[in-house]
Protein chains: 2
Amino acid sequence: MTNEPNIGLLAFLVYRHMEQRVMAEVIAAGHQVTLSQARLFERVDDAGSRLTDLAESAQLTKQSAAYLVDELVAAGYLTRSPDPRDGRARLITITDKGREAIALARTVEARVEAEWKARLGEDGVEELRALLLRLREIVDPYWTGPKADE
Amino acid sequence: MTNEPNIGLLAFLVYRHMEQRVMAEVIAAGHQVTLSQARLFERVDDAGSRLTDLAESAQLTKQSAAYLVDELVAAGYLTRSPDPRDGRARLITITDKGREAIALARTVEARVEAEWKARLGEDGVEELRALLLRLREIVDPYWTGPKADE
DNA sequence: TATAATAGTCAGACTATCTGACTAAATCAC
DNA sequence: GTGATTTAGTCAGATAGTCTGACTATTATA
């Protein structure tokens with residue numbers, strides 16, 4: 001494989017590094033979360049998510065998502081409650097313990113990005129973010145246009 | 001999760017898109033390869049790789065790597081032969097069928113990057129690649145410095 | 001040459017994933 | 001408004017891919 005590294009692979013290395021740095025500190029802080037759980041967890045909306053939406057967003061089956069949500073509920077990071085607006089649905093929401101983990105993750109993310117700034121410069125990192133954001137529009141099926149994010 | 005998307009997550013979306021596009025076409029072309037197999041396969045060196053190196057590069061245990069290599073050998077994409085320079089080791093090399101799959105993957109990668117150029121411009125894509133390459137140096141543990149790649 | 005390190009395999013367990021079949025509730029079509 | 005269809009989620013079972021621990025064979029080292 002002696003090739004000009006393609007952008008997909010380079011992006012993977014960046015993504016994996018960030019994920020590993022965050023996971024390492026989250027686990028070091030005593031949180032008992034697996035990678036699969038974390039990947040689903042980070043998609044839970046502040047206002048609560050439905051299982052079906054979570055599954056779609058994470059590109060998993062509902063069954064797989066339910067399995068991971070069960071574990072995250074048992075570990076105290078999420079709760080399920082009936083959705084008042086739809087008797088079939090249940091709302092999955094983040095607990096205080098879950099928010100603590102998110103806060104820690106945000107801290108680590110900021111620290112890693114700071115390291116990247118030391119390498120690429122403030123301008124370089126912002127240029128990178130801008131380019132990736134524009135790519136997101138054609139690369140992320142859950143992108144619904146500017147501002148429609150929330 | 002109503003946050004300024006961090007670069008790690010944005011990089012993930014880009015990586016996943018490329019991977020899915022490539023896998024979809026590789027499978028459509030009749031190759032019977034799973035994602036896990038492909039992720040290992042793409043790390044096999046042109047000159048042949050050792051299992052231990054593959055495992056380390058893909059961040060798997062030797063056992064897991066061996067399991068995937070077994071499948072790729074059975075499917076005709078790889079072969080194993082004794083390493084003439086080390087009686088303990090075996091050299092894992094790419095078959096002609098494996099090279100066909102790689103050629104196809106390269107074609108799809110080029111097509112996807114062309115789409116990205118339509119969005120970001122030629123300059124934008126090259127700027128993105130340049131930034132990711134510089135980040136690679138601090139983000140990829142198997143990076144051994146310029147030119148030492150081979 | 002005895003000891004330690006390295007390359008890989010064997011055996012067994014477990015996590016995360018899937019497919020298929022199902023229940024209950026909401027929505028749609030008259 | 002009732003019957004058919006769609007939607008949200010669960011239950012049961014299978015499987016892929018991953019791990020840990022223990023082992024063999026070969027090479028390198030003291």
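This is a predicted model, so every value here is computed, not measured. The analysis underlying the following values was restricted to heavy atoms, covering all of them including side chains, and did not include hydrogens, waters or symmetry mates.
Heavy-atom distances to DNA chain C give each of B/T52 and A/Q59 a nearest nucleotide, and the one nearer the 5′ end belongs to B/T52. The residue among A/T61 and A/R85 whose nearest nucleotide of DNA chain C lies closer to the 5′ end is A/T61.
For C/dT9, the OP1/OP2 oxygens have a side-chain nitrogen or oxygen of B/R90 closer than 4.0 Å. Put simply, B/S36 has a side-chain N or O that comes within less than 4.0 Å of OP1 or OP2 on D/dT18. At C/dT15, none of the side-chain N or O atoms of A/T34 fall inside 4.0 Å of OP1 or OP2 (strictly under the cut-off).
For A/Q63 against C/dG20, a side-chain N or O and a base N or O form a donor-acceptor pair under 3.5 Å.
Spacing between atom CG of A/D53 and atom C1' of D/dA8 amounts to 10 Å, rounded to whole angstrom units. When the C1' atom of D/dA16 is taken as reference, atom CG of B/L72 falls 13 Å away, rounded to whole Å. Here D/dT20 presents its P atom at 17 Å from OH of B/Y67, a figure rounded to the nearest Å. In this structure, A/R88 atom CZ and C/dC28 atom C1' are separated by 12 Å, rounded to whole Å. Taking atom CG on A/L51 and atom C1' on C/dA24, their separation rounds to 15 Å, with Å as the unit. Counting to the nearest Å, the C1' atom of D/dG9 and the CG atom of A/L68 are 15 Å from each other. For A/E56 and D/dA8, the CD to C1' distance is 13 Å, given to the nearest whole Å. Look at CG on B/D86: it is 11 Å from C1' on D/dA25, rounded to the nearest Å.
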Q: Please assess A/D86 against A/R50 for the test salt bridge (Lys or Arg N to Asp or Glu O under 4.0 Å), listing each intermediate value before the final yes or no.
A: CA-CA 11 Å; A/D86 188 336; A/R50 292 191 180 180; 3.5 Å; yes
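Set against C/dG8, D/dT18, D/dA8, the side chain of B/K62 has C/dG8 as its closest nucleotide. Side-chain proximity of A/A66 to the nucleotides C/dG8, C/dT9, D/dT10 is greatest for D/dT10. Of the candidates D/dT10, C/dA7, C/dT17, D/dT10 carries the atom nearest the A/R80 side chain, counting heavy atoms from C-beta on.
Between A/R16 and A/E19, no side-chain nitrogen of the basic residue sits less than 4.0 Å from a carboxylate oxygen of the acidic one, so the salt-bridge criterion is not met.
Note on B/E71: only backbone sugar-phosphate atoms sit closer than 4.0 angstrom, heavy atoms only; bases stay farther off.
Of the N and O atoms on the side chains of B/Y67 and B/Q63, not one donor lies less than 3.5 Å from an acceptor on the other residue. A donor-acceptor pair shorter than 3.5 Å cannot be found between the side chains of A/T79 and A/T95.
Neither A/L40 nor A/M23 shares a network with the other; the hydrophobic side chains, linked directly or stepwise wherever heavy atoms of I, L, V, M, F, W or Y lie under 4.5 Å apart, form separate groups for each.
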